[in-house]
Amino acid sequence: MRLEGVTKTYNADTAAAVEVLHGIDLILQRREFVALTGPSGSGKSTLLNIVGLLDRPTTGKLFIDNRETSAYGDAELTRLRGHSIGFVFQHHYLLSAFTALENVMMPMLADREFPNEAMRERAHALLSEMGLAKWENNLANNLSGGQQQRVAIARALAMNPPLILADEPTGNLDTKSADTVFDMMRKINADNGASFLIVTHNNDLARRCDRIIEVVDGRIVTPP
């Protein structure tokens with residue numbers, strides 16, 4: 001992932017214009033595991049939304065998997081996001097009426113519309129990697145918080161994306177569960193080669209990342 005001179009202004013060309021990001025330059029290499037930190041209101045969430053193709057920069061360029069995205073239409077962005085980016089949020093956002101296995105299959109269903117045995121085998125393999133094979137047929141709301149978050153990580157990996165974006169992925173967990181989830185993400189990073197960009201306020205976890213990028217007032221204040 002690469003950002004070149006990215007800015008974001010809300011209500012542009014009006015008297016209420018607010019520039020949230022100011023010329024962000026940032027490179028995330030393959031296999032990197034990076035923490036994104038900064039105070040509330042610093043622009044972290046806006047930056048993560050732009051990297052995740054959920055919002056567009058006002059100016060500047062964003063490259064995902066060596067593809068420059070500024071000219072992409074909504075359909076192209078949706079497809080690129082579905083194939084190249086996995087998301088893990090503070091809340092797991094699992095579908096409570098579905099099993100763990102079915103939740104992990106959802107990104108594949110969104111891409112291919114109809115379930116098949118290959119999807120089930122992929123979901124089973126991911127849940128096994130998360131230590132959840134015994135619970136794959138449990139409904140999502142019958143799992144513990146730590147288990148639910150591990151299902152969410154498995155779901156993020158369903159399409160084997162090169163980039164994982166995690167927004168406070170351990171924020172709702174107790175210390176032991178948070179450590180387990182963090183260790184799982186580090187193992188995936190080491191074994192599968194996926195790059196991770198993790199927004200966190202947990203300084204202990206941030207220090208366990210490869211490097212820390214701090215955002216203050218819409219600017220990076222540590223070297224990218």
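Values reported hereafter were calculated over all heavy atoms of this structure, with side chains retained and with hydrogens, waters and symmetry mates removed.
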For the atom pair CZ (Phe87) and CZ (Arg155), what is the distance rounded to the nearest 0.5 Å?
11.0 Å
Test His92 against Val151 for side chain to side chain contact (heavy atoms under 4.5 Å, CB included), laying out the working first.
CA-CA 8 Å; His92 52 77; Val151 174; over 6 Å; no
Regarding Lys61 and the six-membered ring of Phe63, is the cationic atom NZ or CZ under 6.0 Å from the ring centre and inside 45° of its axis?
no
Under 3.5 Å, which donor-acceptor pairs do the side chains of residues 123-132 form with other protein atoms, sequence neighbours left out?
{"unit_1": "His124", "atom_1": "ND1", "unit_2": "Glu136", "atom_2": "OE1", "d": "2.6"}
{"unit_1": "Ser128", "atom_1": "OG", "unit_2": "His124", "atom_2": "O", "d": "2.9"}

I'd like to know if Asp183 and Arg208 make a salt bridge, using a cut-off of under 4.0 Å between side-chain N and carboxylate O.
yes
Assert yes or no for the condition that the ring centre distance of Phe196 to Phe182 is strictly below 6.0 Å.
no
Can you confirm whether or not the ring centre of His91 sits under 6.0 Å from the ring centre of Tyr93?
yes
May I ask you to check whether [X] and [Y] show a side-chain donor-acceptor distance below 3.5 Å?
X	Y	value
Asn172	Gln90	yes
Glu76	Thr78	no
His83	Asp111	yes
Thr7	Thr59	yes
Arg219	Ser42	no

So, does Thr99 use its side chain to make a donor-acceptor pair with the main chain of Glu102 at under 3.5 Å?
yes
Does Glu4 use its side chain to pair, donor to acceptor, with the backbone of Val6 at less than 3.5 Å?
no
Among Asn203, Asp204, Asn202, which residue satisfies the side-chain contact (heavy atoms from CB on, under 4.5 Å) criterion with Thr200?
Asn202
Under the criterion side-chain contact (heavy atoms from CB on, under 4.5 Å), which of Ile198, Leu205, Ile164 is the partner of Met185?
Ile198
Side-chain donor-acceptor contacts of residues 11-20 below 3.5 Å, not counting sequence neighbours, with atom names and distances?
{"unit_1": "Thr14", "atom_1": "OG1", "unit_2": "Asn11", "atom_2": "O", "d": "2.6"}
{"unit_1": "Thr14", "atom_1": "OG1", "unit_2": "Ala16", "atom_2": "N", "d": "3.1"}
{"unit_1": "Glu19", "atom_1": "OE2", "unit_2": "His22", "atom_2": "ND1", "d": "3.4"}

Is there a continuous path of hydrophobic side-chain contacts, each under 4.5 Å between heavy atoms, that joins Leu157 to Leu101?
yes
Apply the test side chain to side chain donor-acceptor pair (under 3.5 Å) to residues Ser84 and Arg67: give CA-CA distance (whole Å), side-chain angles for both, the deciding distance (0.1 Å), then the verdict.
CA-CA 11 Å; Ser84 296; Arg67 283 171 281 189; 3.2 Å; yes
